[in-house]
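Here is the structure we will look at.
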There are 2 protein chains.
Amino acid sequence: MAARGAAHNTAQAHQTHNHRECIDDALKRAREICAGRGAQLTPLREKVLQIVWRSHKPVGAYDVLDELARSHKAARPPTVYRALDFLMSEGLIHKIESLNAYLGCVEAGAPHSGQFLICRQCGATEEIVDAKLETALDQAAKRAHFAGERKVVEISGLCARCAA
Amino acid sequence: MAARGAAHNTAQAHQTHNHRECIDDALKRAREICAGRGAQLTPLREKVLQIVWRSHKPVGAYDVLDELARSHKAARPPTVYRALDFLMSEGLIHKIESLNAYLGCVEAGAPHSGQFLICRQCGATEEIVDAKLETALDQAAKRAHFAGERKVVEISGLCARCAA
DNA sequence: ACCCCGCTGTTATGATGTAACATTGCCGAA
DNA sequence: TTCGGCAATGTTACATCATAACAGCGGGGT
Ligand SMILES: [Zn+2]
Ligand SMILES: [Zn+2]
Ligand SMILES: [Zn+2]
Ligand SMILES: [Zn+2]
């Protein structure tokens with residue numbers, strides 16, 4: 001898959017890859033996951049997922065709304081938020097809390113909070129899956145006698161390309 | 001100090017401690033820090049800091065506004081946001097991104113992003129300073145060739161008391 | 001006296017997110 | 001087959017969070 005596995009790096013965000021594959025993979029995977037669970041990935045929800053996957057930059061709910069409205073005149077905020085809530089509950093997208101924006105998940109199907117590297121220059125946001133970091137989070141919570149559930153990890157800075 | 005050092009734990013949030021000490025310590029420390037830097041901790045800004053320190057639960061900007069307005073009728077949103085921005089720029093408070101709310105910093109003076117344990121039951125939020133977690137964050141960014149700057153770490157779940 | 005500059009006041013608006021109720025369409029029970 | 005339940009979507013209105021833009025004020029230096 002274009003956005004997963006060993007080849008996964010920040011270069012994706014700079015159009016150095018065939019992003020069409022990212023979108024197609026994400027939609028295909030979403031259909032499989034929802035079908036397997038009996039969750040209803042309706043045309044509306046799929047369209048919203050597609051819009052979120054337009055790039056590797058987090059997209060705001062009202063940007064989704066503007067884009068959705070081009071093909072779906074009746075679109076209103078609740079339409080978008082409901083779709084986003086559904087996609088989050090199925091683990092197909094994440095909310096980036098520090099940006100109030102949404103991003104397609106590159107590990108859909110594997111339940112997880114997300115860990116994100118957000119470039120303040122180009123906006124490209126990479127989801128990483130770092131087992132050591134995950135362990136460190138769990139240990140930190142444990143040391144504080146805290147029963148962690150949802151974990152928000154968002155590191156802002158400069159991606160390799162923008163730093164160069 | 002009541003909210004720092006070895007005695008620092010989630011019990012603080014449950015009024016099992018003398019919270020007056022937390023407030024007094026925080027204000028005293030803020031005055032020292034600002035005096036040392038030439039930063040102007042004006043009466044308005046100090047009042048806002050005091051309001052944020054009313055509890056160990058993150059407080060919304062409009063809650064601060066309501067409270068501030070009791071003694072300061074002219075208070076408006078920009079007044080509050082300017083004060084909060086100042087306090088954040090001086091490292092005296094943190095913004096909890098996943099709640100859009102603000103919390104007094106327990107390690108003011110030591111530049112750092114923050115690491116937070118947020119109880120979804122009682123709302124009490126503990127700031128931890130976990131060196132191993134900090135290292136894990138740095139390493140994770142490094143492995144991804146990312147130059148991290150600001151780090152948002154917010155773990156939601158149940159504090160020891162609420163889990164019991 | 002005058003200017004500069006940082007802080008605060010004031011008005012208005014932008015950006016993000018939700019409550020509450022109406023409507024539609026499907027599917028299974030009676 | 002008819003009807004009732006239920007999930008998805010439509011629709012209106014509103015709640016919450018945050019900032020732009022300009023005005024007034026006051027201390028400190030020249
Ligand atoms: Zn891509
Ligand atoms: Zn993910
Ligand atoms: Zn306290
Ligand atoms: Zn802190």
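Here is how names work: the chains are called A, B, and so on, in the same order as the sequence lines, proteins then strands, and each is numbered from 1. Values in this document were obtained by computation on a predicted structure and should not be read as measured data.
- If you measure from atom CZ of R76(A) to atom P of dT16(C), you get 18 Å, rounded to the nearest angstrom.
- We find that R45(B) and E90(B) are not joined by a salt bridge, their nearest charged nitrogen and carboxylate oxygen being 4.0 Å or further apart.
- With rounding to whole Å, N100(B) atom CG is found 16 Å from dA15(C) atom P.
- Each of dG9(C), dC17(D), dT9(D) was ranked by its minimum atom distance to the side chain of T42(A); first place goes to dT9(D).
- Residue-to-nucleotide proximity on DNA chain C shows that, of G60(A) and P78(A), the 5′-proximal contact is made by G60(A).
- Considering every non-hydrogen atom in both I155(B) and A141(A), the closest pair reads CD1-CB, 4.5 Å.
- When the nucleotides dG10(D), dT18(C), dG6(C) are ranked by their closest atom to the side chain of P77(A), dT18(C) comes out on top.
- The CG atom of D85(A) sits 16 Å away from the P atom of dT16(C) (whole-angstrom rounding).
- Scanning all heavy atoms of the two residues, the minimum distance from K95(A) to E154(A) falls at O-OE2, 4.0 Å.
- The phosphate of dA8(D) (OP1 or OP2) has a side-chain N or O of Q40(A) nearer than 4.0 angstrom.
- Here the options are E127(B), E134(B), K151(B), H94(B), the test is side chain to side chain donor-acceptor pair (under 3.5 Å), and the partner is Q115(B); only E134(B) passes.
- The phosphate of dG9(C) (OP1 or OP2) has a side-chain N or O of T79(B) nearer than 4.0 angstrom.
- The base of dG9(C) is paired with the side chain of R82(B) by a donor and an acceptor separated by under 3.5 Å.
- The residue among H72(B) and Y81(A) whose nearest nucleotide of DNA chain C lies closer to the 5′ end is H72(B).
- Contact annotation: K95(A) reaches the phosphate of dG17(C) (side-chain N/O to OP1 or OP2, under 4.0 Å).
- Judged by distance alone with a 3.5 Å cut-off, a donor-acceptor contact links the side chain of Y62(B) to the base of dA18(D).
- Looking at heavy-atom distances under 4.0 Å, F86(B) makes no contact with the nucleic acid at all.
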